[in-house]
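Here is the structure we will look at.
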Amino acid sequence: MKLFIGFIKKEFYHILRDRRSLFILFGMPIVQILLFGFAITNEINNVNIAILDHSKDVTTQNIINKISASKYFSVNQFIEKEQDIESVFKKGKTKAVISFQNDFNQNLVKNGHATIQIITDATDPNTANTISNYVNAIIQSHVKELNKGINIEYQIIPETHMVYNPELKSVFMFVPGIMTVILMLVSAMMTSISITREKELGTMEVILVSPLKPIQVIAGKVIPYIALSVINATVIIILSIFIFEMPVQGSLILLGFESILFIITALALGILISTVSATQQTAMMISLMGLMLPVIILSGFIFPISSMPVPLQIISNIIPAKWFIIIIKAIMLKGVGFSFIWKETLILLVMTLFFIGLSIKKYKIRLD
Amino acid sequence: MSISVNHISKSYKSIQALQDISFNVNEGELFGLIGPDGAGKTTLFRILTTLLIADTGQASVAGYDVIKDYKAIRNCVGYMPGKFSLYQDLTVEENLEFFATIFKTTIEANYHLIKDIYVQIEPFKNRRAGKLSGGMKQKLALCCALIHKPKVLFLDEPTTGVDPVSRKEFWDMLKRLQQKGITILVSTPYMDEAALCDRVAFIQNGELLEIGTPKNIVKEYSKKLYNVKSDNMYQLIDSLNTFKYTYSAYPFGEFVHYTDTRDEFDIKELHSYLKDKGLHNITIEITNPTIEDTFMALAK
């Protein structure tokens, strides 16, 4: 046991004295989560829109007020003629123009329907799509209010019900994914590098000619990184709660345990990588190429698995990150308990045991 | 017998690293493995320290078989690889403490073994190992290899890249360790260090050329050896190499060591030959062979 503590102490010295890896360990997660959270989002904020109101009556005024009151839009211009629309777009600042027909209120009251045109700048199709969805939502909610208490139905309202993320906040979708990527990458890459570094510097040779058993070396390498990765996971969760106001519906303790399980999976993968690579550089390349790409592409983090071709769907099953993303999305967004995710947890556990067993078996007791 | 090597052979792909090596090292002996770079010394060390498996042959260390009982060997030997293999980002003291811990001992328990050496690096005990000078690094590495009181000590080229004064100190330490009953197998490319061993083995291209005490090895040198000197070293070697009776001629310090193909010959003949070649201040005198001359003769 003393032997073991000595080994762990040594690992901590390595980590704490190497500024570069310390930066990777703690800087990267924070930078990534902020980048993904703020920059790479599908949501819109304070988009400039222009209004073309031919009617200028009570209803149109109400709708305009509603739109400009929402934090998604700011009305920066009122135009008078259809011809102005193009010039407004050409200036580039305005992303959408909302145009009300003549006698908007009269039409609505008399005929039961009126039309609004939403003209969006589709050079950025995603944003355009989102804008029109948002505007639609605002109008629908207004129509709903109008209809309240009146027997005549003015309009058919398409029901859009968004579960778990009613505000379509993409950061809620990203956080579980980012957390997975970071934990996978940091844990696997750091351990594989730290073991191959010993090979490269020749210290592995000395360690081998000592009474240390493979399991002790591996455990000694893994435990410090478990501790650091848990800190990492905590930082990510705290950031997402306080900066992105992400709700964690489920139990934090369950989330913690599941995260530790996934961290161990990643560490076991890291050890496996180190047993097949001779230099730190190879270890890093394998970690980046072999882990990051599948984790980002095949885990359902960015692209939904259900819309993948069948062969890829099958492959995605062997990506541990897929199961972890399912688990933490369920805990964070749906607030479910363990009984709903035991199957995914079991899969992850079996994978972890498999990787640990394989890496102990592949750990070389001699030089190549 | 502390180390016994029987018909060990090892090859890497197309290169034959070791070829049918056999020798024994007695308990408490300071045994030197002498040979140029690439002779196969490191491979042999790695086989004996259980890091590599030989293709054929058998070897044992401290009575344990290097393959079957590798765990027992790893408990009782000290190994200092040729490349500096300590943690550069740990301090002197932390390195020593780490190696003491993984061998389930403490610095205090075996301090008497390393004391002579450690006092020299103790003033720098809070310095990171990577920032030590070459000589100090080797001293620290030796301390780390010794801290668990090994029965057998393997030192792979411990003095390569170390200044002459530190080299001398290092060998003095080895002598003292030997007196404490530790068997030492040391390899070196330096011939002058061979004379400091109890017995040496010459190794070249994976083959063992000669084993014996330095004295006996020198005695086996059969030819008469001459010191030749003149004002122009380069021209001298050139001229000697074209002399029809030259058996060998190679620089040795300020002289050229020369041997003749004939058993008896007249020095004057060589003298006049060299003079005709345009050399001046020529001196030729008979000299005693050293261990290096023996090696050169064997390696020829």
Side-chain angles (χ1 to χ4, degrees), chain A residues 1-25 190 193-224 228 275 278-280 360 363-368, chain B residues 10 12-13 42-43 45-54 61 66-67 70-91 93-107 128-131 140-141 144-145 147-148 150 152-154 156:
Chain A
M1 197 60 210
K2 218 181 131 205
L3 182 153
F4 198 52
I5 292 167
F7 199 95
I8 291 174
K9 208 163 104 187
K10 184 212 76 165
E11 284 309 312
F12 270 114
Y13 284 143
H14 287 325
I15 297 163
L16 298 178
R17 285 180 190 173
D18 181 2
R19 296 231 172 84
R20 213 175 33 173
S21 50
L22 206 60
F23 175 76
I24 294 177
L25 209 53
M190 299 308 287
I193 286 179
S194 97
I195 294 180
T196 43
R197 184 171 51 197
E198 301 235 9
K199 285 193 198 173
E200 228 173 88
L201 292 177
T203 45
M204 195 48 113
E205 216 172 313
V206 188
I207 295 248
L208 282 175
V209 189
S210 82
L212 277 176
K213 294 184 189 78
I215 180 98
Q216 288 171 321
V217 175
I218 288 178
K221 284 281 173 196
V222 159
I223 286 174
L228 294 171
T275 58
T279 62
Q280 295 182 61
I360 290 177
Y363 179 87
K364 294 184 185 76
I365 54 161
R366 295 190 161 87
L367 297 176
D368 295 312
Chain B
K10 171 85 185 170
Y12 301 107
K13 283 176 189 149
T42 300
T43 304
F45 268 80
R46 286 181 172 169
I47 289 171
L48 292 176
T49 50
T50 75
L51 287 170
L52 284 179
I53 294 179
V61 172
V66 288
I67 296 168
Y70 76 94
K71 280 183 186 161
I73 292 179
R74 289 178 182 190
N75 263 311
C76 69
V77 302
Y79 173 43
M80 188 172 148
K83 211 174 102 189
F84 179 68
S85 298
L86 298 179
Y87 296 101
Q88 317 243 4
D89 52 346
L90 298 194
T91 66
E93 204 176 19
E94 285 160 356
N95 264 300
L96 195 58
E97 216 173 84
F98 173 69
F99 283 101
T101 325
I102 63 168
F103 280 98
K104 297 168 190 161
T105 178
T106 56
I107 299 178
R128 304 230 171 134
K131 296 222 159 72
L140 175 60
C144 291
I147 194 67
H148 59 290
V152 185
L153 193 56
F154 291 94
D156 191 5

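None of the values given here were measured: they were computed from a predicted structure. Here is how names work: the chains are called A, B, and so on, in the same order as the sequence lines, proteins then strands, and each is numbered from 1.
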Gap separating the [atom1] atom of [X] from the [atom2] atom of [Y], nearest 0.5 angstrom:
X	Y	atom1	atom2	answer
S210(A)	K104(B)	OG	NZ	9.0 Å
L367(A)	I47(B)	CG	CD1	11.0 Å
L208(A)	Y79(B)	CG	OH	10.0 Å

State, yes or no, whether a side-chain contact exists between [X] and [Y] at a heavy-atom distance under 4.5 Å.
X	Y	result
F7(A)	T101(B)	no
K9(A)	F98(B)	no
L90(B)	H14(A)	yes

Q) If you count the non-hydrogen atoms of other residues, nucleotides and ligands that lie under 6.0 Å from CZ in F12(A), is the total more than 12? A)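 Counting neighbours around CZ of F12(A), more than 12 heavy atoms of other residues, nucleotides or ligands fall under 6.0 Å, so yes.
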Chain A heavy atoms under 4.5 Å from [X]: which part of the residue, side chain, backbone, both or neither?
X	value
I102(B)	both
F99(B)	side chain
T106(B)	side chain

Q | Contacting moiety of I365(A), where chain B heavy atoms sit under 4.5 Å | A | both
**Q.** Segment of E198(A) engaging chain B (4.5 angstrom heavy-atom cut-off)
**A.** side chain
(Q) My understanding is that only residues two or more places apart in sequence, or in another chain, count here; which of them pass side-chain contact (heavy atoms from CB on, under 4.5 Å) with A100(B)? (A) T105(B), I107(B), I147(B)
Q) By salt bridge (charged side-chain N to carboxylate O under 4.0 Å, His left out), which residues pair with R17(A), not counting sequence neighbours? A)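 For R17(A) the salt bridge (charged side-chain N to carboxylate O under 4.0 Å, His left out) partners, ignoring immediate neighbours, are E94(B).
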Q: Please check if the side chain of R366(A) supplies one atom and the backbone of T50(B) the other of a donor-acceptor pair under 3.5 Å.
A: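 Indeed, once roles are kept as given, a pair shorter than 3.5 Å links the two residues.
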Q. Does the distance from a Lys or Arg side-chain N to an Asp or Glu carboxylate O, for K83(B) and E205(A), drop under 4.0 Å?
A. no
Q: Answer with yes or no after comparing the ring centroid distance for Y13(A) and Y87(B) against a 6.0 Å cut-off, counting only values under it.
A: no
Q. When heavy-atom pairs shorter than 4.5 Å are enumerated against chain B, which of L3(A), L201(A), V209(A) gives the highest number?
A. V209(A)
